[in-house]
Amino acid sequence: MSPDYASMYAAVEDDGRSLPAIPFTKVDERFLRQIVDDPTGEKPGTLVVNTTDKHLYWVLKDGKAMRYGVGLGRQGYSWKGRAIVQWKRKWPTWTPPSAMIGRDPKLEKWRQGMPPGISNPLGSRALYIFKDGIDTLYRIHGSPDWKSIGKSASSGCVRMFNQDVIDLYDRVPSKTPLLVI
C-alpha cells in the first residue's frame, strides 16, 4: 500500500497559523515521507542526514527508517559529523547569524529576530543542532519554500517541508543523536 500523500501534505492549521498544502504531485516521490529499509546502520532513535541523496532518516526498529526529503546547504556552507538535537521549538523566531547578515545586508532588520510565521525561514518547527555542547548555528527546520526540498539552496541548515518537520518534531526528543554524512 502506498502512502497517503494527499493527507500527509494537506493544508494544516497549527497554533493559529495556516500552512498551505504541498503540491506533492509536483515533487519527485523520493523526497516524500515514507518508511524504507534502513540504509544507515545506525541504532534506532538516531537521525541521519545523507547529504548526497538529500534525505533525512529517523532510524526505527526492525531495520526500518522514516525517510524525509531535505534541502541542504549550498556548496561551501555544508558540514558533516556527529552532533545532537539539543532542543527544539514550535514556530521559532529566526535570528540570522552576523556572518549571514554580512553576506546579505538586507537581513540587518532581523538582527534581533524575525517573528514566527509562515514566511519565517525556519518554518513551523526547528531542531537546534549542538556539537560538544556548543550551538553549531545549524538547524533542522521547516521551510516555506517547498521547491527547495531536494536541492542545495540554504546557508547550511537542513530544510524540510513544514508538514514533514511537524511529523519529525513529534517523533524526536531533545538530546537525539544526529549523524550528517
> Got a sec: does the CD of Gln112 have more than 12 other heavy atoms crowding it under 6.0 Å?
Replying inline: no
>> Would Arg125 pass as a cation-pi partner of Tyr169, given that its NZ or CZ must be under 6.0 Å from the six-membered ring centre and within 45 degrees of the axis?
In response: yes
>> So Arg89 and Pro116, do their side chains get closer than 4.5 Å, heavy atoms only?
In response: no
>> Minimum heavy-atom separation for Pro44 and Leu60, please, with both atom names.
In response: CG-O, 3.5 Å
> Within a reach of under 6.0 Å around CG of Asp62, are more than 12 heavy atoms found that belong to other residues, nucleotides or ligands?
Replying inline: no
>> Could you tell me if the side chain of Thr51 sits less than 4.5 Å from the side chain of Lys80, heavy atoms only?
In response: yes
> Is there side-chain contact between Ile149 and Val27, with heavy atoms separated by less than 4.5 Å?
Replying inline: no
> Roughly how far, to the nearest 0.5 Å, is SG of Cys157 from NE2 of His141?
Replying inline: 4.0 Å
>> Do Leu56 and Val158 make a side-chain contact, defined as non-hydrogen atoms from C-beta onward lying under 4.5 Å apart?
In response: yes
> When the ring centroid of Phe161 is compared with that of Trp146, is the distance short of 6.0 Å?
Replying inline: no
>> Distance check, rounded to the nearest 0.5 Å: Leu107 atom CG versus Ile101 atom CD1?
In response: 6.5 Å
> Is the closest side-chain heavy-atom distance between Thr95 and Met114 below 4.5 Å?
Replying inline: no
> Can you check side-chain contact (heavy atoms from CB on, under 4.5 Å) on Lys90 and Asp15, steps first, answer last?
Replying inline: CA-CA 9 Å; Lys90 289 183 177 183; Asp15 285 350; 4.0 Å; yes
> If you take all heavy atoms of Gly150 and Lys54, which pair is closest and at what distance?
Replying inline: O-CD, 3.1 Å
>> Check for me, please, whether Tyr138 and Val172 land in the same ILVMFWY cluster - side-chain distances under 4.5 Å, paths through other members count.
In response: yes
> Is there side-chain contact between Ile22 and Gln163, with heavy atoms separated by less than 4.5 Å?
Replying inline: yes
>> Is there a continuous path of hydrophobic side-chain contacts, each under 4.5 Å between heavy atoms, that joins Trp94 to Leu137?
In response: no
> Same cluster or not: are Leu72 and Ile129 linked, directly or through other Ile, Leu, Val, Met, Phe, Trp or Tyr residues, by side-chain heavy atoms under 4.5 angstrom apart?
Replying inline: yes
> Which heavy-atom pair separates Ile35 from Met66 by the least distance, and what is that distance?
Replying inline: CG1-CE, 3.7 Å
>> Let me confirm one number: the CG-CG distance from Leu127 to Leu47, rounded to the nearest 0.5 Å.
In response: 7.0 Å
>> Can you give me the closest heavy-atom contact between Phe130 and Asp135, atom names plus distance?
In response: CD2-N, 3.4 Å
> Can Arg159 and Asp145 be said to form a side-chain contact (heavy atoms from CB on, under 4.5 Å), step by step?
Replying inline: CA-CA 9 Å; Arg159 293 179 175 192; Asp145 182 10; 3.9 Å; yes
>> What I'd like to find out is whether the side chain of Ile118 reaches to under 4.5 Å of the side chain of Trp91, using heavy atoms alone.
In response: yes
> Ser124 and Val165: which non-hydrogen atoms are nearest, and at how many Å?
Replying inline: OG-CG1, 3.5 Å
> Cut-off 3.5 Å, side chains only: do Thr40 and Asp38 have a donor facing an acceptor?
Replying inline: yes
>> With rounding to the nearest 0.5 angstrom, report the CD1 to CG distance, Ile166 to Leu168.
In response: 11.0 Å
>> Run Arg82 and Leu178 through side-chain contact (heavy atoms from CB on, under 4.5 Å) and show every step you take.
In response: CA-CA 6 Å; Arg82 290 196 180 268; Leu178 169 70; over 6 Å; no
> OG of Ser2 to CG of Leu32: how many Å apart, nearest 0.5 Å?
Replying inline: 11.0 Å
> With hydrophobic residues grouped by side-chain heavy-atom distances under 4.5 Å, do Tyr68 and Val85 end up in a single group?
Replying inline: yes
> In a check of side chain to side chain contact (heavy atoms under 4.5 Å, CB included) between Trp58 and each of Lys64, Arg171, Arg33, which one passes?
Replying inline: Arg171
>> What I'd like to find out is whether the side chain of Ile84 reaches to under 4.5 Å of the side chain of Thr176, using heavy atoms alone.
In response: no
>> Looking at every heavy atom in both Pro92 and Asn120, which two are closest together, and how far apart are they?
In response: O-ND2, 3.2 Å
> Which is it for Val48 and Val59 under the side-chain contact (heavy atoms from CB on, under 4.5 Å) test, yes or no, and what are the steps along the way?
Replying inline: CA-CA 8 Å; Val48 178; Val59 181; 4.3 Å; yes
>> Tell me whether Arg30 is salt-bridged to Asp28, with the criterion being a basic N under 4.0 Å from an acidic carboxylate O.
In response: yes
>> Between Tyr9 and Met160, is there shared hydrophobic-cluster membership here, with clusters defined by ILVMFWY side-chain heavy atoms closer than 4.5 Å?
In response: no
> With distance as the sole test, does Asn50 use its side chain to make a donor-acceptor pair with the main-chain N or O of Asp53 at under 3.5 Å?
Replying inline: yes
